[in-house]
Engineer: 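For reference, the structure I am asking about is given below.
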Amino acid sequence: MSSGGEAISKQQQMNLSKHTKIYIAGHNGMVGSAIWRKLEAKGYTNLVGMSSKALDLRKQIDVQRFFESEQPEVVIDAAARVGGILANNDYPYQFLMENMQIQNNLIDGAFQAGIEKFIFLGSSCIYPKLAPQPLVEECLLTAALEPTNEWYALAKISGVKACEAIRKQFGLDYVSLMPTNLYGSHDNFDLQTSHVLPAMIRKFHDAKQNGHAAVQLWGTGTPMREFLYVDDMAAAVVFALENNLPEHLYNVGTGSDITIKELAQTIQKVVGHEGPIEWDASKPDGTPRKLMDVSKLSALGWEATISLEEGIQKTYAWFLNNQAQIKEVKL
Ligand SMILES: NC(=O)c1ccc[n+]([C@@H]2O[C@H](COP(=O)([O-])OP(=O)(O)OC[C@H]3O[C@@H](n4cnc5c(N)ncnc54)[C@H](OP(=O)(O)O)[C@@H]3O)[C@@H](O)[C@H]2O)c1
């Protein structure tokens with residue numbers, strides 16, 4: 001990572017120090033826990049996290065009370081109801097409403113509490129299904145969304161707009177980061193609710209255990225996707241924390257993509273599965289291509305550093321070492 005361009009000025013709006021009280025919403029999740037680890041490693045000593053059992057972010061009054069009693073100075077919002085195509089398709093109301101509740105309570109709660117810095121995490125699915133590739137931030141709201149996850153996308157778009165409005169109207173540093181597909185340690189490996197990469201790791205691992213049985217995968221394998229290792233994402237959040245970024249919305253990714261077929265072959269190699277791969281073309285492929293244009297953030301000095309194969313190796317090693325506590329998110 002380079003030191004950053006001249007367009008950004010370090011800690012201009014608020015006096016950030018290693019003792020600044022930083023609340024990471026969703027700190028037990030894949031992304032939140034990576035952000036927590038990164039901040040701790042960088043010497044931040046005043047981190048706050050609440051599990052969903054201790055603080056249900058869907059409950060506005062509880063969130064307001066939390067802000068009053070804890071008085072954090074910065075909020076990083078990595079809390080959300082997340083899931084893959086199946087989960088989005090089957091539970092549209094939860095994906096729309098719970099995500100709006102969580103982010104509204106956090107964004108407005110932080111604003112009402114006078115918090116000057118807020119980092120909102122969205123997703124690349126906020127962009128139109130058929131937007132020109134690579135996806136630039138400006139294509140937001142220019143055409144129809146991908147129908148399988150439009151519920152989740154709509155919620156995230158409203159979060160981006162809420163942060164933009166606060167920034168525009170009140171001049172506060174509320175910024176949105178839109179990650180591409182993320183993967184890594186603490187991912188969800190449940191075959192019904194997980195994203196494509198951890199689901200494939202699980203399938204290849206199980207098939208290897210099962211005498212290198214055939215692995216069945218959804219779709220044709222031709223769609224193209226981009227994947228970012230979660231520690232790189234955490235580094236981008238820390239970059240947004242430590243710098244006063246000039247715009248309200250930034251894509252975060254590697255800037256390069258591969259076909260789902262190539263992804264399967266890479267995972268097969270890392271896992272050591274030697275059986276056949278069977279593609280079920282009757283199942284949906286989703287968006288044909290989803291590559292982020294990451295030039296805005298890279299012009300300011302942030303870039304991903306972990307290659308896909310290295311990230312998959314780290315993720316599979318974590319999976320093997322944590323089999324007893326592997327996360328399986330049931331809806
Ligand atoms: N994973 C990806 O590929 C990806 C890609 C792009 C963007 N993102 C974004 O990154 C963020 C985090 O995703 P993730 O993959 O880390 O998800 P995750 O592992 O499922 O973590 C989500 C966290 O949200 C918390 N949460 C959910 N509902 C809550 C509630 N009602 N009250 C309080 N906390 C609640 C959970 O807390 P508990 O564990 O305590 O229940 C959990 O720790 C999301 O905004 C997501 O949109 C993720």
Side-chain angles (χ1 to χ4, degrees), residues 23-38 48-60 62-63 66 75-85 87-88 91 94-107 109 118-127 135 149 151-160 163 176-190 193-201 225-234 236-237 240 250-254 263 286 290 292 311 315 318 325-331:
Y23 167 43
I24 305 166
H27 76 299
N28 287 325
M30 178 176 75
V31 179
S33 61
I35 296 168
W36 187 287
R37 288 192 303 275
K38 184 74 75 188
V48 181
M50 301 286 282
S51 70
S52 58
K53 279 212 177 88
L55 175 63
D56 185 342
L57 294 169
R58 294 170 299 183
K59 301 199 171 131
Q60 186 182 21
D62 294 354
V63 178
F66 165 77
V75 177
I76 299 171
D77 178 5
R81 178 178 275 280
V82 306
I85 294 178
N88 269 271
Y91 300 92
Q94 280 96 331
F95 275 84
L96 178 70
M97 190 51 64
E98 292 189 19
N99 282 310
M100 288 200 303
Q101 288 171 329
I102 291 169
Q103 73 203 24
N104 286 352
N105 293 339
L106 284 172
I107 295 168
F118 192 105
I119 300 173
F120 176 66
L121 301 190
S123 156
S124 58
C125 71
I126 64 165
Y127 296 121
L135 298 162
N149 58 23
W151 323 95
Y152 180 74
L154 270 172
K156 290 292 186 185
I157 291 169
S158 73
V160 170
C163 290
S176 298
L177 301 182
M178 295 307 110
T180 185
N181 302 297
L182 302 173
Y183 68 100
S185 57
H186 300 272
D187 211 336
N188 168 23
F189 290 89
D190 180 273
T193 58
S194 61
H195 291 119
V196 60
L197 194 151
M200 276 193 193
I201 290 182
R225 290 289 183 277
E226 177 186 9
F227 297 95
L228 183 73
Y229 190 64
V230 72
D231 288 5
D232 268 337
M233 181 62 209
V237 170
Y250 292 90
N251 292 339
V252 187
T254 61
L263 173 70
K290 208 153 68 172
M292 301 285 240
T315 307
W318 186 88
Q325 58 183 78
I326 285 297
K327 190 162 64 174
E328 292 190 332
V329 177
K330 307 287 181 199
L331 285 171

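In each ligand, atom 1 is the first atom listed, and ligand 1 is the first ligand listed.
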Engineer: Hey, is the main chain of Leu55 close enough, under 3.5 Å, to the side chain of Asp62 for a donor-acceptor pair?
Structural biologist: no
Engineer: For ligand 1, which atoms have a heavy atom of Leu55 less than 4.0 angstrom away?
Structural biologist: 32 (N), 33 (C)
Engineer: Could you see which bit of Phe120 sits under 4.0 Å from ligand 1, with heavy atoms only: side chain, backbone, both or neither?
Structural biologist: neither
Engineer: If you count every heavy atom of other residues, nucleotides or ligands that lies below 6.0 Å from Trp36 atom CH2, does the total exceed 12?
Structural biologist: yes
Engineer: For the 3.5 Å polar cut-off, considering only N or O atoms, please tell me whether Asp56 and ligand 1 meet it.
Structural biologist: yes
Engineer: Heavy-atom contact check, 4.0 Å cutoff: does Asn99 meet ligand 1?
Structural biologist: no
Engineer: Taking the non-hydrogen atoms of Ala25, is any one of them nearer than 4.0 angstrom to ligand 1?
Structural biologist: no
Engineer: Who gets closest to atom 7 (C) of ligand 1 by heavy atom: Ala78, Ala153, Gly122?
Structural biologist: Gly122
Engineer: Near Ser51, which atoms of ligand 1 are under 4.0 Å from a heavy atom of that residue?
Structural biologist: 40 (O)
Engineer: For ligand 1, does Asn188 get within less than 4.0 Å through its side chain, its backbone, both, or neither, judged by non-hydrogen atoms?
Structural biologist: neither
Engineer: In terms of the angle between their ring planes, are Trp318 and His186 parallel, tilted or perpendicular, with boundaries placed at 30° and 60°?
Structural biologist: tilted
Engineer: Could you pull out, from Val230, Leu57, Ile102, the option with a heavy atom nearest to atom 29 (C) of ligand 1?
Structural biologist: Ile102
Engineer: For Thr180, take its heavy atoms, then give the atoms of ligand 1 lying under 4.0 Å from any of them.
Structural biologist: 5 (C), 6 (C)
Engineer: Give a yes or no on whether the backbone of Met292 and the side-chain of Thr180 come within a donor-acceptor separation of less than 3.5 Å.
Structural biologist: no
Engineer: What atoms of ligand 1 come within less than 4.0 Å of a heavy atom belonging to His195?
Structural biologist: 1 (N), 2 (C), 3 (O)
Engineer: With Asn104, which residues qualify under side chain to side chain contact (heavy atoms under 4.5 Å, CB included), at least two apart?
Structural biologist: Met100
Engineer: Between the side chain of Asn181 and the main-chain N/O of Phe227, is any donor-acceptor distance below 3.5 Å?
Structural biologist: no
Engineer: Just to be sure I read this right, does ligand 1 sit under 4.0 Å from the backbone of Val82, its side chain, both, or neither, counting only heavy atoms?
Structural biologist: side chain
Engineer: Main chain of Arg58, side chain of Glu98: is a donor-acceptor contact present, judged purely on distance under 3.5 Å?
Structural biologist: no
Engineer: Specify side chain, backbone, both or neither for Asp187, according to which of its non-hydrogen atoms lie closer than 4.0 Å to ligand 1.
Structural biologist: neither
Engineer: Would you mind listing which atoms of ligand 1 come within a distance below 4.0 Å of any non-hydrogen atom of Arg58?
Structural biologist: 31 (N)
Engineer: Quick check on Tyr152 - does any of its heavy atoms sit under 4.0 Å from an atom of ligand 1?
Structural biologist: yes
Engineer: Considering only heavy atoms, which of Gly32, Ser52, Pro198 lies nearest to atom 38 (P) of ligand 1?
Structural biologist: Ser52
Engineer: Mind listing the closest non-hydrogen atom pair of Ile107 and Phe118 along with its distance?
Structural biologist: CG1-CZ, 3.5 Å
Engineer: Can you check whether Arg81's main-chain N or O pairs, donor with acceptor, with Gln94's side chain at less than 3.5 Å?
Structural biologist: no
Engineer: Short list, please: which atoms of ligand 1 are under 4.0 Å from a heavy atom of Leu121?
Structural biologist: 45 (O)
Engineer: Treating Lys38 as the side-chain partner and Asp232 as the backbone partner, does any N or O pair qualify as donor plus acceptor under 3.5 Å?
Structural biologist: no
Engineer: Applying side chain to side chain contact (heavy atoms under 4.5 Å, CB included), can you list everything that pairs with Leu154, at least two apart in sequence or on another chain?
Structural biologist: Leu96, Leu145
Engineer: Give the atoms of ligand 1, by number and element, whose distance to some non-hydrogen atom of Ala80 is under 4.0 Å.
Structural biologist: 22 (C), 24 (O), 27 (C), 44 (C), 45 (O)
Engineer: Short list, please: which atoms of ligand 1 are under 4.0 Å from a heavy atom of Pro179?
Structural biologist: 6 (C), 7 (C)
Engineer: So which heavy atom on Ala25 is nearest to which on Leu106, and how close?
Structural biologist: CB-CD1, 3.7 Å
Engineer: Relative to ligand 1, is Lys156 under 4.0 angstrom through side chain, backbone, both or neither, heavy atoms considered?
Structural biologist: side chain
